[in-house]
Peer 1: 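Okay, here's the structure, questions in a sec.
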Amino acid sequence: MKNTKLVAVVATGLGLALTVSACGSATSPGASGTPAASSGAAAGTPVKGGTLRLLSGTQTEHWDPQRTYVGAQIELGNRLFARTLTTWGTVKSDTEQAKLVADAATDTGKASDGGKTWAFTLKDGLKWEDGKAVTCDDFKYGISRTYAVDVITGGPNYAIGFIDIPTNADGSSQYAGPYKKTGQDLYDKAVTCSGNTITFKLKQPVGDFNNTVTMTAFGAFRADKDLGDKSNYQIFSNGPYKLQGTWEQNKGGTFVRNDQWDPKTDDIRKAYPDQITIDESLTAETLYERLIANKGDDQNAIAFPDNAPSTALANIQGGAAGRYVAVPSPYTRYLVPNYKSKVFSNEMARKALALATDRAAYVTAAGGKELAQPTNSMINPALPAFPNTPLPAGEKGDPAAAKALLQQAGMTLPVKITVTYRKNDTLDKAFAGLKLGWDAAGFDTQLVGIPAKQYYGTLQSPDSASKYDAYWAGWGADYPSASTVIAPLFDSRVNITAGGPGQDYGYFDNKEFNAAIDATNAIADGTVREKAWGDLDVQLTTKHYAAIPLIVDKFVFAKGSNVQDAYVNLTFTGYYDVATAWVKK
């Protein structure tokens, strides 16, 4: 999932040793051994009432469940208003591994036909906020919206990739979604409802499809509430909270109790606070200053930051003892050269950019090696598939070697390039440092910082293909397999359409690589399959130069002194889990 798009991760508590909720762990080379501080010391029996305040430094792009693909929004959407067939359970510490559990379904699914067919039966008593029952058809309709790639943009494409619907010659689905209804009969054959049971027929066996449906993109959506792209912030709840009034873009909103939610149907969400407010108008610096000060309403607040300022850990260690945690981030931060760019359509130019990349400058901007480590692998060290690909030219890069490549390619120096990144203080500093290395190699780098509220939407706009030469992004596995890294990002068939590149921001389109994705998905042995994903990662970064991994890092979180039982759920997005948090009176 996109950064701030969280991931299924199992914390190891060993500095930057990340473990994505899966089969094993791997320690990041040179990882810091700084232990994480505890953030969830219990203070008696939980009580209902009060207001839990979430302070965020990143603006929400989507609340539409089928479009949500950023970690914080996935976690909050699921815990507040968008129940899914299965979900990740809660934890009782910042290092506990969460388990896959039933949510709107009665169990975690039943597989048949060797894993090509999956069935989930809904619980009785599920209701929308207006009192109408949540039905199997509501889930079926919600998932169908994923196929309307020209309207419902930005979300995950697993439904398109997995569900057994024929494709067109260009790899796109023959089903065009519920608005055009082209190929509706194909969808109706592959996704069926019988009473409360929804059944999915898949193209090939997917042994962990019950992990896939934890994504809000596989959540329910009522057809009579669907306004297409205008539904982006029109929250309609089937969870414990509903939106009071409207969502104010770049500011936030208030969630109040949904009296139609029945706690008897829900073993996950405790819904202790009467209200949960989200304020996303803050800078990261202000957010941490307020939580360290711990005054007034901020005593009832928790942090939902994106990238912490480089000074955050040192400041918070001195001013918020016992109220902070530094945990492995499930994300890899990376750069994507644009294959439609005149410059980076040339493989030697892409390689030159990789050689000239000063990852050490990014590490410094991110807070130093206590909080970040350079990497040349798209797969996070948490996953068993992590190939630990060597850096192409050391941590600081080799501008001289990169310049020689540009000259060998016959390019006139300096080569002008425009590079985008999600604007915040940390990335401003990081990209200023990266620019120095690239310019020393013979590039003339123009930096464009784009606000978070529109960042990924900009990357996924078809117009951006002719405007920018390279893009910053962040990604973490959606659940514990590298299949949720390589295929979602670099399978052009499920990404690139007339509506934009999907998650394949750089328009990487390679038939041999796509065939290798299919072959890897078909490997029955999990250990062998994960190694094959690692091999494809190496191809991406050292043969095609379709991605330039930059760093893996840590999240630094803090909470007010009245907030209890707030734990970072590293298996489910890597943020504080509001399902169990409560406010001490």
Side-chain angles (χ1 to χ4, degrees), residues 1-6 51-84 128-130 132 134 138 141-146 148-156 177-179 215-258 260-261 275-282 304-306 422 450-461 499-500 502 573 575 578:
M1 64 192 91
K2 298 180 195 110
N3 150 266
T4 325
K5 208 181 142 254
L6 319 212
T51 297
L52 178 66
R53 302 178 185 276
L54 310 184
L55 307 183
S56 174
T58 303
Q59 288 75 44
T60 299
E61 286 190 68
H62 309 295
W63 277 128
D64 182 325
Q66 273 70 49
R67 300 180 71 178
T68 298
Y69 211 6
V70 169
Q73 279 76 61
I74 290 176
E75 193 269 337
L76 290 173
N78 175 260
R79 292 330 200 197
L80 299 181
F81 62 84
R83 297 183 66 177
T84 46
W128 294 102
E129 64 179 71
D130 64 358
K132 291 186 177 180
V134 177
D138 293 336
Y141 181 81
I143 297 163
S144 78
R145 299 172 77 242
T146 298
V149 294
D150 55 340
V151 180
I152 307 301
T153 59
Y179 310 123
M215 308 292 291
T216 59
F218 282 84
F221 204 104
R222 261 240 313 261
D224 64 323
K225 296 294 181 180
D226 191 1
L227 302 176
D229 59 357
K230 293 181 180 179
S231 289
N232 203 27
Y233 297 105
Q234 303 298 317
I235 294 168
F236 191 64
S237 177
N238 56 49
Y241 295 93
K242 61 183 180 181
L243 183 64
Q244 183 180 66
T246 59
W247 180 262
E248 294 188 64
Q249 294 183 47
N250 312 324
K251 292 183 180 180
T254 298
F255 289 85
V256 297
R257 293 193 183 279
N258 172 16
Q260 297 302 314
W261 169 75
Q275 290 189 140
I276 295 179
T277 66
I278 301 176
D279 181 353
E280 54 180 32
S281 67
L282 308 173
F304 264 74
D306 179 8
R422 187 169 60 191
I450 299 173
K453 61 187 177 183
Q454 62 198 57
Y455 186 70
Y456 283 108
T458 299
L459 267 58
Q460 293 170 323
S461 168
T573 77
Y575 289 80
V578 300

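Computation of the quantities below employed the complete heavy-atom set of this structure, encompassing side-chain atoms and omitting hydrogens, waters and symmetry-equivalent molecules. Count residues from 1 along the sequence. Since we're looking at a predicted model, the values are computed, not measured.
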Peer 1: With side chains defined as the heavy atoms from C-beta onward, is the minimum distance between Gln260 and Lys132 less than 4.5 Å?
Peer 2: no
Peer 1: Below 30° counts as parallel, above 60° as perpendicular, anything between as tilted: where do the rings of Trp63 and Phe81 land?
Peer 2: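 Trp63 vs Phe81 ring planes: perpendicular.
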Peer 1: Mind listing the closest non-hydrogen atom pair of Gln66 and Ile143 along with its distance?
Peer 2: NE2-N, 4.2 Å
Peer 1: Dump the intermediate steps for side-chain hydrogen bond (donor to acceptor under 3.5 Å, both in side chains) on Asn78 and Thr84, then the final yes or no.
Peer 2: CA-CA 7 Å; Asn78 175 260; Thr84 46; 3.0 Å; yes
Peer 1: Which heavy-atom pair separates Ser144 from Pro178 by the least distance, and what is that distance?
Peer 2: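 Closest pair (atom of Ser144, atom of Pro178, distance): O-CD, 3.4 Å.
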Peer 1: Supply the atom-to-atom distance Ile278 CD1 to Leu55 CG, rounded to the nearest 0.5 angstrom.
Peer 2: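 Interatomic distance, Ile278 CD1 to Leu55 CG, rounded to 0.5 Å: 10.5 Å.
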Peer 1: Which distance, rounded to the nearest 0.5 Å, do you find between the OG1 of Thr573 and the CZ of Arg79?
Peer 2: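 Answer for the OG1-CZ pair, Thr573 versus Arg79, is 8.5 Å.
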Peer 1: For a 4.5 angstrom cut-off between non-hydrogen side-chain atoms, does Tyr141 reach Asp138?
Peer 2: no
Peer 1: Within a strict 4.5 Å, meaning less than it, do heavy atoms of the Val134 and Trp128 side chains meet?
Peer 2: yes
Peer 1: Looking only at the side chains, is there a donor atom on one of Asp64 and Ser231 sitting less than 3.5 Å from an acceptor on the other?
Peer 2: no
Peer 1: Nearest heavy-atom pair of Val256 and Gln275: which atoms, and what distance?
Peer 2: CG1-OE1, 3.6 Å
Peer 1: Kindly indicate whether the side chain of Glu129, heavy atoms from C-beta on, has any atom under 4.5 Å from the side chain of Asn238.
Peer 2: no
Peer 1: Out of curiosity, Thr60 OG1 to Gln73 CD, how far, rounded to the nearest 0.5 Å?
Peer 2: 4.0 Å
Peer 1: For Tyr233 and Glu61, which heavy atoms make the closest approach, and how far apart are they?
Peer 2: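 Scanning both residues, the minimum pair turns out to be OH-O, 3.1 Å.
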Peer 1: Charged N to carboxylate O under 4.0 angstrom, Asp229 versus Arg67?
Peer 2: no
Peer 1: Would you tell me whether Asp226 and Tyr179 have side-chain atoms, one donor and one acceptor, within less than 3.5 Å of each other?
Peer 2: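 A donor-acceptor contact under 3.5 Å links the two side chains.
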Peer 1: Calculate, to the nearest 0.5 Å, the distance between atoms CD1 and CG belonging to Ile276 and Leu243 respectively.
Peer 2: 12.0 Å
Peer 1: Could you go through the side-chain contact (heavy atoms from CB on, under 4.5 Å) check for Phe236 and Asp130 one step at a time?
Peer 2: CA-CA 9 Å; Phe236 191 64; Asp130 64 358; 3.7 Å; yes
Peer 1: Quick one: closest heavy-atom pair of Asn258 and Ser237, and the distance?
Peer 2: ND2-OG, 3.7 Å
Peer 1: Measure from NZ or CZ of Arg145 to the centre of the six-membered ring of Phe221, then state whether that distance is under 6.0 Å and the direction lies within 45° of the axis.
Peer 2: yes
Peer 1: Are Glu75 and Phe304 close enough that some pair of their side-chain heavy atoms sits under 4.5 Å apart?
Peer 2: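 The answer is yes; the side chains approach within 4.5 Å.
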Peer 1: First locate atom CD of Gln454, then atom CZ of Arg422, and finally report the distance between them rounded to the nearest 0.5 Å.
Peer 2: 12.5 Å
Peer 1: First locate atom CD of Glu248, then atom OG1 of Thr246, and finally report the distance between them rounded to the nearest 0.5 Å.
Peer 2: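 Between Glu248 CD and Thr246 OG1, I get 6.0 Å after rounding to 0.5 Å.
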Peer 1: Centre-to-centre under 6.0 Å for Tyr241 and Trp261, is that the case here?
Peer 2: no
Peer 1: Any carboxylate oxygen within less than 4.0 angstrom of a Lys/Arg side-chain nitrogen, looking at Arg53 and Asp279?
Peer 2: no
Peer 1: Might you point out which heavy atoms bring Leu80 and Val578 nearest each other, and give the distance in Å?
Peer 2: CD2-CG2, 4.3 Å
Peer 1: Taking the side chain as everything from C-beta on, heavy atoms only, tell me whether Thr51 gets closer than 4.5 Å to Thr277.
Peer 2: yes
Peer 1: Check the side chains of Thr58 and Glu280 for a donor-acceptor pair under 3.5 angstrom, ignoring hydrogens and angles.
Peer 2: no
